[in-house]
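This report refers to the structure that appears directly beneath it.
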Amino acid sequence: MTKPMPPQDPSDLTSFIETEYHAKHRAQLPELATLSEKVEAVHAGQTEVPAGLADLLHRMIGDLEVHMKKEELILFPAIRNAAAGLDAPIAAMRADHDNHEAEVGQIRHLTNNLTLPDGACRSWTRLYTGVGEFLDDLEEHIRLENDVLFPQFETRETGHV
């Protein structure tokens, strides 16, 4: 299944990001955190178990929710209204993205870059498949905002244009 192409218009792109990524993250993360809890409990003590992944995913649920709400309630409406002076909120979103990318690095470390151990159970396999999809989605979400959407609204002084 191919993913839909993001629209070029900034207003349409904000709506696309909300439906294609925000909604998906809200559906993915709680399920992945619960599945990780199960895998960590069943396989506790095994050397390759991703100990701490469930806690990290739970933390990301909160972090991402706050981030997405700031976009949905403040930044995206301002973009849709072609508001000026968006450098500060965009800088805050970029800083959040840096934090999310650090969390992605932690996930990759905890999961040995999503490498399943020999004989991994179905739950563990589903977990890593789902986490891989989430990471791909999150990385594309961040790329669209950082490289496509935000530069259209930043002034030259920010250094991003």
Results of side chain to side chain donor-acceptor pair (under 3.5 Å) for [X] - residues two or more places apart only:
{"X": "H43", "value": "Q46"}
{"X": "S123", "value": "K38"}
{"X": "K69", "value": "none"}

Can you tell me how far apart [atom1] ([X]) and [atom2] ([Y]) are? Round to the nearest 0.5 Å.
{"X": "D9", "Y": "Q152", "atom1": "CG", "atom2": "CD", "result": "8.5 Å"}
{"X": "F153", "Y": "I90", "atom1": "CZ", "atom2": "CD1", "result": "7.5 Å"}
{"X": "I74", "Y": "I79", "atom1": "CD1", "atom2": "CD1", "result": "12.0 Å"}
{"X": "S15", "Y": "E20", "atom1": "OG", "atom2": "CD", "result": "12.5 Å"}
{"X": "M93", "Y": "D96", "atom1": "CE", "atom2": "CG", "result": "4.5 Å"}

Write down the atom of [X], the atom of [Y], and the distance for their closest heavy-atom approach.
{"X": "V39", "Y": "V49", "result": "O-CG2, 4.0 Å"}
{"X": "A33", "Y": "A54", "result": "O-CB, 3.8 Å"}
{"X": "L75", "Y": "P89", "result": "CD1-CB, 4.2 Å"}
{"X": "A51", "Y": "L110", "result": "O-CD2, 3.3 Å"}
{"X": "P50", "Y": "E40", "result": "O-CD, 3.4 Å"}
{"X": "I107", "Y": "L56", "result": "CG1-CD2, 3.5 Å"}

For this session: List the steps and the verdict of side chain to side chain contact (heavy atoms under 4.5 Å, CB included) for L149 and F16.
Result: CA-CA 11 Å; L149 182 63; F16 175 85; over 6 Å; no
For this session: Determine, stepwise, if the pair I142 / L138 fulfils side chain to side chain contact (heavy atoms under 4.5 Å, CB included).
Result: CA-CA 6 Å; I142 290 171; L138 182 60; 4.0 Å; yes
Exercise. For D137 and Q28, does a side-chain donor sit closer than 3.5 Å to a side-chain acceptor?
Worked result: yes
For this session: Let me see the working for F134 and M60 under side chain to side chain contact (heavy atoms under 4.5 Å, CB included), right down to the final yes or no.
Result: CA-CA 12 Å; F134 165 69; M60 286 185 80; 3.9 Å; yes
For this session: Among E71, E101, E154, E145, find the residue that satisfies the salt bridge (charged side-chain N to carboxylate O under 4.0 Å, His left out) test when tested with R94.
Result: E154
Can you tell if the side chain of [X] reaches within under 4.5 Å of the side chain of [Y], non-hydrogen atoms only?
{"X": "V131", "Y": "L135", "result": "yes"}
{"X": "L35", "Y": "R126", "result": "yes"}
{"X": "H67", "Y": "E72", "result": "no"}
{"X": "L144", "Y": "Y21", "result": "yes"}
{"X": "P30", "Y": "I61", "result": "yes"}
{"X": "E103", "Y": "R59", "result": "yes"}
{"X": "L57", "Y": "T34", "result": "no"}

For this session: Could you check E18 against M68 for side chain to side chain contact (heavy atoms under 4.5 Å, CB included), going step by step and ending with a plain yes or no?
Result: CA-CA 8 Å; E18 287 177 357; M68 293 184 299; over 6 Å; no
Exercise. Parallel, tilted or perpendicular for H141 and H97, by the 30°/60° rule?
Worked result: perpendicular
Exercise. Taking atom CD of E31 as the centre, does the number of heavy atoms from other residues, nucleotides or ligands within less than 6.0 Å exceed 12?
Worked result: no
Problem set entry | Test: E139 and R108 ion pair at under 4.0 Å | yes
